[in-house]
Amino acid sequence: MAEKILIVDDDLDTLRLVGLLLERKGYLISAAKNGREALVKASNESPDLILLDIMMPDMDGIEVLRRLRKDRTTSEIPIIMFTAKNQVEDKVLGFETGADDYLTKPTHPAELTARVRTILTRSAGTKKDGSDEGDPTQTGKVIGVLAAKGGLGVTTVALNLAVAMHEASDADVVFAELRPGLGNASFLLGMENGQELGPLLEKDAGLIRFRDIQKMMRTHPSGLRVLLSSFRPGESRFSGAADQMLAIVRELAREAEFVVVDLGVGLTPTAEKIAEISDKIFVIVEPMVNTLVQSQALLEELSMKVLGMGSLQVVQVNRTGNDMQLSLREIQDYLGHTVAAVVSAVPNLAHKAETSGIPLVNLRKDSPVSQQFTAIAEIALNS
């Protein structure tokens with residue numbers, strides 16, 4: 001039997017468009033134009049999920065949520081807040097009142113359907129086993145990205161890889177920037193730089209849960225969900241919080257299909273712990289002798305300590321013209337490893353992407369570099 005979703009919103013266009021989108025995905029749709037109507041329909045119809053707006057004239061969504069949670073007949077219905085209110089305090093209030101998820105408008109249709117599917121699947125599993133703890137094992141795929149030295153564009157590659165994976169597969173992909181004090185992804189995404197990672201790293205690793213992480217996550221217009229690091233130097237005090245960062249990635253992998261992790265530079269304790277649970281590790285190199293020597297040592301260390309060679313993928317990032325770099329054969333001889341993909345040097349496009357806050361892969365979808373990231377995404381998706 002098709003699952004029923006109750007959509008609560010005073011905006012008729014939203015009711016119509018979202019309802020049509022979800023109907024096409026095979027769900028039964030019920031609609032309520034205000035809070036009081038929502039309470040009646042939720043009680044009478046027992047929907048499998050409620051999409052609930054906050055800003056409504058007679059009774060706001062927070063009050064509706066509070067009443068639904070107090071009523072024994074509706075207290076267990078999964079609820080996704082679906083609203084234009086995008087401040088962290090609004091999200092925190094929503095989760096503290098009892099929301100299962102929080103989406104801000106406008107939302108990419110792919111993300112909306114992915115969130116709905118995830119919540120309904122989790123709810124079905126909870127009803128089946130009678131618990132609310134979920135599956136303690138990792139279910140999603142973890143994709144790590146790192147380099148042997150700085151300045152090779154690890155964050156750029158990891159972020160564009162995540163966007164390309166999401167767009168190529170319509171999968172639920174999370175990008176996690178685990179570089180406290182060195183955050184750069186917010187600039188590449190055109191987002192305000194916050195402190196999302198810091199408060200999580202202050203917690204005991206054993207107490208970190210997905211609901212804590214979810215409060216700190218944001219959604220990019222592309223539909224990609226992100227957990228970002230701050231660039232504030234003081235946040236660097238958390239750089240040694242390897243256990244906490246491992247716990248974050250494990251929790252994300254229980255909820256998302258793919259987690260792309262920006263691990264930064266070198267085989268740090270955090271990178272080593274996360275590499276152990278990763279399905280693939282992309283090592284970023286450049287065609288310069290000194291970098292290749294360092295990268296070969298990193299690949300050797302990774303292959304011996306944490307991964308089989310089949311899980312290691314080398315991505316060559318070119319930052320200069322072809323006349324200044326080694327040949328592909330020379331690069332592979334230095335590394336003792338096949339180069340899986342090459343990202344072309346596009347300084348003008350890269351500058352435009354950074355200043356506009358639009359990922360390279362989205363800036364010009366027909367460009368060679370966009371196609372290259374799509375090819376890397378296919379490697380990651382087939383992990």
Side-chain angles (χ1 to χ4, degrees), residues 1-85 90-91 93-135 170 172 210-211 214 219 223 225 255-256:
M1 182 181 296
E3 292 154 307
K4 177 180 283 189
I5 299 173
L6 172 61
I7 306 172
V8 185
D9 203 305
D10 64 323
D11 183 78
L12 297 182
D13 286 338
T14 297
L15 288 177
R16 181 176 57 83
L17 293 174
V18 175
L20 183 60
L21 170 68
L22 294 174
E23 274 187 342
R24 287 174 176 173
K25 295 295 182 179
Y27 299 110
L28 296 175
I29 301 301
S30 179
K33 300 184 291 297
N34 56 62
R36 298 189 185 282
E37 185 180 359
L39 294 174
V40 173
K41 288 199 170 187
S43 180
N44 293 340
E45 299 178 2
S46 298
D48 297 288
L49 175 69
I50 298 174
L51 282 177
L52 178 60
D53 188 23
I54 288 182
M55 295 183 289
M56 295 184 291
D58 67 326
M59 182 189 301
D60 69 23
I62 294 298
E63 180 58 24
V64 174
L65 174 60
R66 187 175 290 114
R67 295 191 186 193
L68 288 170
R69 289 296 179 239
K70 286 183 178 180
D71 187 333
R72 183 178 57 82
T73 63
T74 60
S75 63
E76 299 299 320
I77 299 174
I79 298 172
I80 298 177
M81 306 307 290
F82 187 48
T83 175
K85 294 175 74 68
D90 297 320
K91 296 181 181 181
L93 178 59
F95 283 115
E96 288 180 343
T97 308
D100 295 273
D101 203 347
Y102 194 108
L103 272 172
T104 55
K105 303 174 186 177
T107 299
H108 193 285
E111 186 191 17
L112 173 60
T113 55
R115 296 283 193 101
V116 166
R117 183 172 63 248
T118 298
I119 293 295
L120 286 171
T121 300
R122 188 190 312 160
S123 175
T126 299
K127 291 175 182 177
K128 183 177 179 180
D129 64 21
S131 73
D132 63 355
E133 292 301 317
D135 183 354
D170 195 22
D172 182 18
F210 179 71
R211 60 178 176 270
Q214 195 172 33
T219 302
R225 289 192 288 165
E255 302 293 336

(request) Check side-chain hydrogen bond (donor to acceptor under 3.5 Å, both in side chains) between D11 and all other residues, then give those that pass, not counting sequence neighbours. (result) T14
How far apart are the closest heavy atoms of [X] and [Y], and which atoms are they?
X    : Y    : value
P78  : L49  : O-CD1, 3.4 Å
D10  : P57  : OD2-CD, 3.6 Å
S46  : S43  : OG-O, 4.1 Å
R225 : A256 : NH2-CB, 4.2 Å

Using side-chain contact (heavy atoms from CB on, under 4.5 Å) as the criterion, list what pairs up with [X], not counting sequence neighbours.
X   : value
N44 : V40
E63 : M59, D60, R66, R67
A42 : L6, I50, L68, T74

What distance separates [X] [atom1] from [Y] [atom2], expressed to the nearest 0.5 Å?
X    : Y    : atom1 : atom2 : answer
T118 : E255 : OG1   : CD    : 8.0 Å
L17  : L12  : CG    : CG    : 10.5 Å
E3   : I119 : CD    : CD1   : 12.0 Å
L65  : I80  : CG    : CD1   : 12.5 Å
L112 : L21  : CG    : CG    : 5.5 Å
L20  : L15  : CG    : CG    : 12.5 Å

(request) Answer yes or no: is there a donor N or O on one side and an acceptor on the other, between the side chain of K41 and the main chain of A31, under 3.5 Å? (result) yes
(request) Count the heavy atoms of every other residue, nucleotide or ligand shown that sit under 6.0 Å from NZ of K85, and state whether that count exceeds 12. (result) no
(message) Filter on side-chain hydrogen bond (donor to acceptor under 3.5 Å, both in side chains), then keep only pairs touching residues 98-117, sequence neighbours left out; what's left?
(response) D9-K105, R69-D100, D101-R115, D101-Q214, E111-R115, E111-T219, R115-T219
(message) Suppose the criterion is side-chain hydrogen bond (donor to acceptor under 3.5 Å, both in side chains): which pairs have a residue in residues 20-39, not counting sequence neighbours?
(response) S30-E45
(message) So V8 and V64, do their side chains get closer than 4.5 Å, heavy atoms only?
(response) no
(request) Please assess D90 against T83 for the test side-chain contact (heavy atoms from CB on, under 4.5 Å), listing each intermediate value before the final yes or no. (result) CA-CA 10 Å; D90 297 320; T83 175; over 6 Å; no
